[in-house]
Amino acid sequence: MQTNGQTNGQNDAVERVVRNVLRDILGLSEEQVSGFDRDTELFGALPELDSMAVAGLLTEMEDRLDILIEDDEVDGELFENFGNLVDFARAKIAQ
């Protein structure tokens with residue numbers, strides 16, 4: 001059983017990876033990505049995040065987090081905001 005410190009540490013690591021993927025794949029600044037909170041809108045709000053970028057983001061998340069994302073798991077809600085994307089990544093790691 002994990003303690004809260006370990007769980008929070010793992011969650012922080014997942015969030016950090018998702019931030020890094022967004023920064024690297026979309027070419028966003030470190031400052032911009034570090035300012036994202038759970039409610040920061042992604043798809044539709046970031047011009048860099050188009051349908052082509054989504055594929056790159058998902059592939060990079062799979063590689064960096066050692067997860068497999070199935071096509072039927074990807075929907076508009078996933079990229080609605082930063083919190084949804086991080087929660088999805090955490091859920092995939094927990095599987």
Quick one, [X] and [Y] - any side-chain contact, counting heavy atoms below 4.5 Å?
X: Phe36; Y: Val18; result: no
X: Arg64; Y: Val21; result: yes
X: Leu26; Y: Gln32; result: no

Please collect all side-chain hydrogen bond (donor to acceptor under 3.5 Å, both in side chains) contacts where either partner lies in residues 34-59, sequence neighbours excluded, each pair once.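 Matches after skipping sequence neighbours: Asp37-Thr40, Arg38-Asp87.
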
Of all pairs that satisfy side-chain hydrogen bond (donor to acceptor under 3.5 Å, both in side chains), the ones with a partner from residues 66-75, not counting sequence neighbours: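 Residue pairs passing side-chain hydrogen bond (donor to acceptor under 3.5 Å, both in side chains), neighbours aside: Glu73-Lys92.
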
Rounded to the nearest 0.5 Å, what's the gap from [atom1] on [X] to [atom2] on [Y]? Could you check?
X: Ile25; Y: Met61; atom1: CD1; atom2: CE; result: 11.0 Å
X: Leu28; Y: Leu22; atom1: CG; atom2: CG; result: 6.5 Å
X: Leu49; Y: Leu42; atom1: CG; atom2: CG; result: 6.5 Å
X: Asp63; Y: Leu58; atom1: CG; atom2: CG; result: 11.0 Å

Step through the shown structure and confirm whether more than 12 heavy atoms of other residues, nucleotides or ligands are within 6.0 Å of CD on Glu30. yes

Only counting residues at least two apart or in another chain, list the ones meeting ring-ring contact (aromatic ring centres under 6.0 Å, His included) with Phe88.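 Listed in chain order: nothing, the list is empty.
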
Taking only residues two or more places apart in sequence, or in another chain, which ones meet Phe43 in a ring-ring contact (aromatic ring centres under 6.0 Å, His included)? none

What's the shortest heavy-atom distance between Ala89 and Val14, and which atoms?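 What the structure gives for the nearest pair is CB-CG1, 3.8 Å.
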
Kindly write out the residues that satisfy side-chain hydrogen bond (donor to acceptor under 3.5 Å, both in side chains) with Arg19, not counting sequence neighbours, or none if the list is empty. Glu15

Please assess Val86 against Arg90 for the test side-chain contact (heavy atoms from CB on, under 4.5 Å), listing each intermediate value before the final yes or no. CA-CA 6 Å; Val86 171; Arg90 288 178 179 151; 3.4 Å; yes

What donor-acceptor contacts under 3.5 angstrom involve side-chain atoms of residues 78-85, with partners at least two apart or in another chain?
residue	atom	partner	partner atom	Å
Asn81	OD1	Gly83	N	3.2
Asn81	OD1	Asn84	N	2.8
Asn84	ND2	Glu77	O	2.7

